[in-house]
Amino acid sequence: MCGIFGVVASESSTLTSNQLRALLKHLHELSESRGKESAGLHVYLPETRRSWTLRADMPATVLHKTHEYQEILNSVCETGGGIREHTIRKPLVVLAHSRLVTNGSASDCHNNQPVRYGNVSVVHNGIVVNADSLWSDHPELARSAEVDTEVAAALLEQHFEDSADAIAATKKLFSAIKGSASIAWSSNNAAFLVV
């Protein structure tokens, strides 16, 4: 199965940008034992509603060395308080993933996580065995990947748009899916994280 984790910091956090970098590296390395086919992260600053998503068909230890990964962390740390030992002064949500492929090839980045659908970003461990029937039941939703996580993201986006209630949207998702799922998600339209 996959490895998922996250980091949440408030504006009163004492987390520094260097600590954030070290923490993400350490947690991703630990989660890599759950899957090495791909890795990714989603960073969201609720105060400004700014976000970055990166996913690639490589292990987390390789992803951390890429220019794209470093650029995201530089952007987040600059926006949040500085590149070096400055405290992150704005609320911050990070969702991250290490993937063991169950469906959908890792070479197609749409199948890797975090999965974004509209304003919703999701990391998921498990398998939704009724993903195809859920897509059939909801022809108004557009499918662009093979991974089962996409239907969870699409339904969360739809349910949250309908209710503006993250907990209600999550309950509605879990009443529809079959299989197993541990998820964390956020929406760029609101300041919350659901785990």
- prompt: Do W52 and V94 pass the side chain to side chain contact (heavy atoms under 4.5 Å, CB included) test, and can you show the C-alpha distance, the side-chain angles, and the key distance before you say yes or no?
  reply: CA-CA 10 Å; W52 299 262; V94 180; over 6 Å; no
Considering all heavy atoms of both residues, which atom of [X] and which atom of [Y] are nearest to each other, and what is their separation?
{"X": "A169", "Y": "L156", "answer": "O-CD2, 3.7 Å"}
{"X": "R55", "Y": "P114", "answer": "NH1-O, 3.1 Å"}
{"X": "V115", "Y": "A153", "answer": "CG1-CB, 4.0 Å"}
{"X": "F160", "Y": "A190", "answer": "CZ-CB, 3.9 Å"}
{"X": "L63", "Y": "T66", "answer": "O-OG1, 2.8 Å"}
{"X": "A176", "Y": "N130", "answer": "O-ND2, 2.9 Å"}

To the nearest 0.5 Å, what is the distance between [atom1] ([X]) and [atom2] ([Y])?
{"X": "S75", "Y": "E71", "atom1": "OG", "atom2": "CD", "answer": "6.0 Å"}
{"X": "T53", "Y": "Y44", "atom1": "OG1", "atom2": "OH", "answer": "12.0 Å"}
{"X": "N74", "Y": "H67", "atom1": "CG", "atom2": "NE2", "answer": "8.5 Å"}
{"X": "L95", "Y": "H124", "atom1": "CG", "atom2": "NE2", "answer": "14.0 Å"}
{"X": "I183", "Y": "I177", "atom1": "CD1", "atom2": "CD1", "answer": "7.0 Å"}
{"X": "T48", "Y": "N188", "atom1": "OG1", "atom2": "CG", "answer": "9.5 Å"}

Sole residue of H28, R21, Q70, K25 in side chain to side chain donor-acceptor pair (under 3.5 Å) with H64: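 Exactly one candidate clears the test, H28.
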field: Qualifying residue for side chain to side chain contact (heavy atoms under 4.5 Å, CB included) with V7, from L27, L41, V93
entry: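 Looking at L27, L41, V93, the match for V7 under the side chain to side chain contact (heavy atoms under 4.5 Å, CB included) is L27.
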- request: Mark yes or no for whether Y117, through its side chain, and L155, through its backbone, hold a donor-acceptor pair below 3.5 Å.
  value: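 Absent.
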query: Sub-3.5 Å donor-acceptor pair from the side chain of Q19 to the main-chain atoms of T16, do we have one?
result: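 The answer is yes, because a donor-acceptor pair under 3.5 Å joins these two groups.
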Any side-chain heavy-atom pair of [X] and [Y] under 4.5 Å:
{"X": "S133", "Y": "K178", "result": "no"}
{"X": "L173", "Y": "Q158", "result": "no"}
{"X": "S10", "Y": "P91", "result": "no"}
{"X": "L20", "Y": "L92", "result": "yes"}

- request: Please lay out, stage by stage, how K172 and S163 fare under the test side chain to side chain contact (heavy atoms under 4.5 Å, CB included).
  value: CA-CA 11 Å; K172 200 165 182 181; S163 68; over 6 Å; no
message: Does this structure show an ion pair linking D165 with K171, if we count only N-O contacts that are shorter than 4.0 Å?
response: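 Not counted as a salt bridge, because no side-chain N and carboxylate O are separated by less than 4.0 Å.
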query: Can you find a side-chain donor-acceptor pair between N125 and S182 that sits under 3.5 Å?
result: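 Not at all, the side chains of N125 and S182 share no donor-acceptor pair under 3.5 Å.
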- prompt: Do S144 and E150 have side-chain atoms, one donor and one acceptor, less than 3.5 Å apart?
  reply: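 There is such a pair (donor and acceptor under 3.5 Å, judged by atom type) between the side chains of S144 and E150.
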